[in-house]
There are 2 protein chains.
Amino acid sequence: MVTLAEVAQHAGVSASTVSYVLSGKRSISAGTRQRVEQSIRELGYHPNAGARALAGKRSNIIALMIPLRTDLYVPVMMEIAIAVATTARTHGYDVLLLTGEEGPDAVRRVTGSGLADAMILMDVELEDERLPLLRGTDQPSVLIGLPADTGGLTCVDLDWSATGALCGEHLAGLGHRDIAVIGEAPAVYERHTGFAERTLDGLRSAARETGVRLLHRPCEGGYDAMALTLARVFDERPGTTGFVVQNESAVEPLLALLRQQGRAVPEDVSVVAICPDQVAVQASVRLTSVAIPAQEMGRRAVERLVAKLDGRGGDEVVLLAPELTRRASSGPAPAAD
Amino acid sequence: MVTLAEVAQHAGVSASTVSYVLSGKRSISAGTRQRVEQSIRELGYHPNAGARALAGKRSNIIALMIPLRTDLYVPVMMEIAIAVATTARTHGYDVLLLTGEEGPDAVRRVTGSGLADAMILMDVELEDERLPLLRGTDQPSVLIGLPADTGGLTCVDLDWSATGALCGEHLAGLGHRDIAVIGEAPAVYERHTGFAERTLDGLRSAARETGVRLLHRPCEGGYDAMALTLARVFDERPGTTGFVVQNESAVEPLLALLRQQGRAVPEDVSVVAICPDQVAVQASVRLTSVAIPAQEMGRRAVERLVAKLDGRGGDEVVLLAPELTRRASSGPAPAAD
DNA sequence: ATGAAAGCGCTAACAA
DNA sequence: TTGTTAGCGCTTTCAT
């Protein structure tokens with residue numbers, strides 16, 4: 001293993017000079033810098049992370065807490081995680097992967113041990129038990145998702161309420177008067193993850209303003225569950241012509257079932273999905289959708305965090321504006337009989 | 001920040017005693033242990049990770065390199081990553097998340113800096129450029145996936161060849177004589193990821209032994225691409241009655257298209273999928289499938305790695321035996337006309 | 001512009 | 001069974 005001292009000796013300078021060449025924290029003559037950099041390359045020197053963390057009081061590591069469950073938005077979670085990792089590297093940080101399993105203990109362990117300089121929490125619930133710990137520490141953190149009380153916290157999330165409103169307005173604008181909302185599994189609502197409720201709020205207020213009727217039904221996803229849900233919807237509201245789907249694993253089953261029932265999309269029924277673009281494009285009908293900007297969320301979270309670590313900027317709630325892309329699944333409501 | 005020295009003082013012992021209480025590397029009298037543990041709790045002490053790594057020469061961190069692409073088996077990747085993280089914690093390790101972006105450089109950086117004690121590589125290609133580096137270092141590593149040459153390496157993977165054979169034998173056993181294989185996107189084959197080719201090898205040898213005809217077609221996935229592929233298959237082999245699908249995003253489109261063409265599953269056509277169980281169960285027809293044991297792969301990889309770190313066990317290739325679950329999508333071949 | 005030296009908090013000989 | 005002490009490799013004052 002090559003040490004800084006060896007590099008120093010090889011370059012004929014002192015250890016501190018090598019350190020400063022590396023950190024750029026004081027000016028170095030061109031010649032010295034050259035020789036040091038040369039030695040570093042020749043010897044294949046890599047600074048020891050532990051020693052750095054100990055002496056420098058920062059590990060250059062960001063902890064990322066991902067949810068343990070794999071029932072919800074897995075590709076989105078993955079995309080966020082990847083975006084976090086790549087963006088973090090861009091700023092000189094590595095990413096430590098924590099699962100929700102340890103729960104609040106993980107927060108204590110990481111803050112206490114100096115393993116990470118800061119953390120990003122995903123899958124935040126409205127009354128998340130990790131929040132008191134975060135508020136009680138001086139370690140910077142960013143949440144992806146919005147808890148009920150955002151006081152003293154930095155959060156990044158899609159503006160779900162605006163997303164719901166956007167979907168509602170789109171369908172209302174096309175003349176639909178009866179809209180069904182196919183939501184996530186009931187467990188998601190029970191968990192109080194926030195985004196589901198917020199989307200619904202947005203939809204409701206849009207419905208109110210446009211005079212549209214809304215029927216909300218959580219759905220486990222999968223073909224059978226969707227079949228049941230769909231039957232109930234048409235039973236209760238036979239005049240339904242618009243669907244908003246916020247459940248990846250219900251999208252394709254819904255389309256298949258509508259087809260099977262002889263309801264054409266978008267001639268008879270319009271469908272708007274809230275899902276990753278990839279899903280919207282690969283579906284059997286190209287779906288009008290609001291995308292979940294996973295990459296953007298990961299990137300923004302890291303950027304906020306780095307800003308905090310650099311002493312720039314404080315707490316802030318960043319809500320990303322939703323964008324609706326019109327594709328083949330939505331059109332004018334059919335003329336009433 | 002609480003240090004070991006403070007704990008020692010509080011408990012009225014020396015620093016080394018505290019250290020040994022923590023590591024268990026020498027016997028401590030019950031009374032002393034009590035007092036030390038008490039002090040640790042009272043003061044809320046957490047050992048400093050950097051100092052530990054520096055003095056102890058191990059960081060207790062495992063690096064996990066995940067693929068940057070999100071085109072392939074995303075939920076599987078995520079499940080593996082989560083299994084790695086939770087299993088690692090079980091053994092006292094944390095996980096550092098590296099993306100493929102840095103490529104071989106990441107390996108150098110991590111090995112060189114002592115950031116991680118060992119690494120796990122996912123998405124290994126047949127001629128992976130990271131392999132020479134791994135062979136040239138004394139840092140333990142485990143690959144998830146099989147390169148062309150496994151000499152001097154430890155690998156964990158599903159036995160894809162046996163998987164292919166299992167699918168082929170299942171359909172052959174049901175009397176199918178013409179089988180079509182819907183594979184991953186062409187890009188996957190071009191990338192030489194190994195698993196795709198190996199599956200095909202297994203299928204081919206099963207076909208040879210059972211006298212079945214095989215037609216292999218890569219497919220981009222999605223509805224449109226699948227429609228095209230399917231048309232070509234029936235064009236070329238009108239008597240096709242069996243399908244093996246190794247492409248998550250082709251599964252549901254295939255089922256929808258068959259339905260649309262009036263081909264009943266499994267009465268007219270049988271379908272066997274190679275995919276996560278969740279996909280098989282949620283499909284519009286419950287699919288006979290070989291599951292991809294993501295959790296098991298992650299867990300086994302960590303266990304092999306920890307064994308190596310503890311000086312137990314050396315290089316080894318662990319191939320997990322595939323298991324085929326019969327569901328509703330496969331049945332006897334229809335009687336020939 | 002550069003060097004010398006004092007730690008950072010912990011582990012692991014070496015002593016007792 | 002416990003204490004003393006010398007580092008681990010780096011950063012950062014304080015000097016020059």
Side-chain angles (χ1 to χ4, degrees), chain A residues 1-37 39-40 43-61 92 94 109-117 309, chain B residues 1-37 39-40 43-61 92 94 109-117 309:
Chain A
M1 198 211 155
V2 188
T3 69
L4 183 148
E6 295 174 303
V7 174
Q9 187 167 19
H10 186 256
V13 298
S14 72
S16 59
T17 298
V18 177
S19 177
Y20 283 120
V21 166
L22 253 27
S23 69
K25 288 188 180 171
R26 82 180 182 192
S27 46
I28 304 284
S29 72
T32 307
R33 153 166 290 121
Q34 294 277 314
R35 274 179 302 129
V36 170
E37 284 169 348
S39 300
I40 288 178
L43 302 180
Y45 168 72
H46 284 273
N48 179 284
R52 267 206 162 157
L54 180 56
K57 300 189 177 324
R58 27 178 41 258
S59 63
N60 282 293
I61 289 179
D94 272 293
R109 196 167 59 81
V110 167
T111 10
S113 66
L115 229 189
D117 299 329
L309 283 165
Chain B
M1 199 212 154
V2 189
T3 69
L4 183 148
E6 295 174 305
V7 174
Q9 188 167 20
H10 181 105
V13 297
S14 73
S16 61
T17 297
V18 177
S19 176
Y20 284 119
V21 166
L22 254 28
S23 69
K25 287 189 181 170
R26 80 181 183 191
S27 47
I28 304 283
S29 73
T32 307
R33 152 164 291 119
Q34 294 277 314
R35 274 180 301 130
V36 170
E37 283 169 349
S39 300
I40 288 178
L43 302 181
Y45 168 72
H46 285 273
N48 179 283
R52 265 205 163 157
L54 181 56
K57 300 191 175 326
R58 22 176 46 258
S59 63
N60 282 294
I61 289 178
D94 271 293
R109 196 167 58 82
V110 167
T111 33
S113 66
L115 228 189
D117 299 329
L309 283 165

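Note that the structure is predicted; figures quoted are calculated from it, not measured. Residue numbers start from 1 in every chain, and the chains themselves are labelled A, B, ... in the order their sequence lines are given, proteins ahead of strands.
- Atom CG of A:Leu115 and atom P of C:dG9 are 16 Å apart (whole Å).
- One finds no side-chain N or O of A:Ser19 lying less than 4.0 angstrom from the OP1 or OP2 phosphate oxygen of D:dC10.
- Heavy atoms of B:Ser23 sit nowhere under 4.0 angstrom from any nucleic acid atom.
- If you check every strand for non-hydrogen atoms under 4.0 Å, A:Ser29 touches sugar and phosphate atoms only.
- In this structure, A:Lys57 places its NZ atom 9 Å from C1' of C:dG7, rounding to the nearest Å.
- Between the CG atom of A:Leu22 and the P atom of D:dC10 there is a distance of 9 Å, rounded to whole Å.
- If you check every strand for non-hydrogen atoms under 4.0 Å, A:Thr17 touches sugar and phosphate atoms only.
- Residue A:Ser14 places at least one side-chain N or O under 4.0 Å from the OP1 or OP2 atom of C:dG3.
- In the set C:dA12, C:dC10, C:dA4, C:dC10 carries the atom at the smallest distance from any side-chain atom of B:Tyr45.
- Closest contact between the side chain of A:Ser16 and the listed nucleotides C:dA5, D:dT2, C:dC10 involves C:dA5.
- Closest contact between the side chain of A:Pro47 and the listed nucleotides C:dT2, D:dC10, C:dC14 involves D:dC10.
- For the 3.5 Å distance criterion, the side chains of A:Thr32 and A:Ser29 qualify, holding a donor opposite an acceptor.
- Atom CZ of A:Arg35 is separated from atom P of C:dT2 by 8 Å (rounded to the nearest Å).
- Defined by atom type and a distance below 3.5 Å, a donor-acceptor pair is present between the side-chain atoms of A:Thr17 and A:Ser14.
- Other residues, nucleotides and ligands place more than 12 heavy atoms under 6.0 Å from the CD atom of A:Glu6.
- Remark on DNA chain C: of its neighbouring residues A:Ala15 and B:Leu4, the 5'-side contact belongs to A:Ala15, judged by nearest-heavy-atom nucleotide.
- With A:Asp117 contributing its side chain and A:Arg58 its backbone, the two residues share no donor-acceptor pair below 3.5 Å.
- A sub-4.0 Å separation between OP1 or OP2 of D:dT11 and a side-chain N or O of A:Arg52 is present.
- Counting heavy atoms from C-beta on, the side chains of A:Val110 and A:Ile61 never come closer than 4.5 Å.
- Atom CZ in A:Arg26 sits roughly 8 Å away from atom P in C:dT2 (whole-Å rounding).
- OP1 or OP2 of C:dT11 has not a single side-chain nitrogen or oxygen of B:Lys25 nearer than 4.0 Å.
- When the nearest nucleotides of DNA chain D are assigned to A:Val18 and B:Ala55 by heavy-atom distance, the more 5′-ward of the two goes with B:Ala55.
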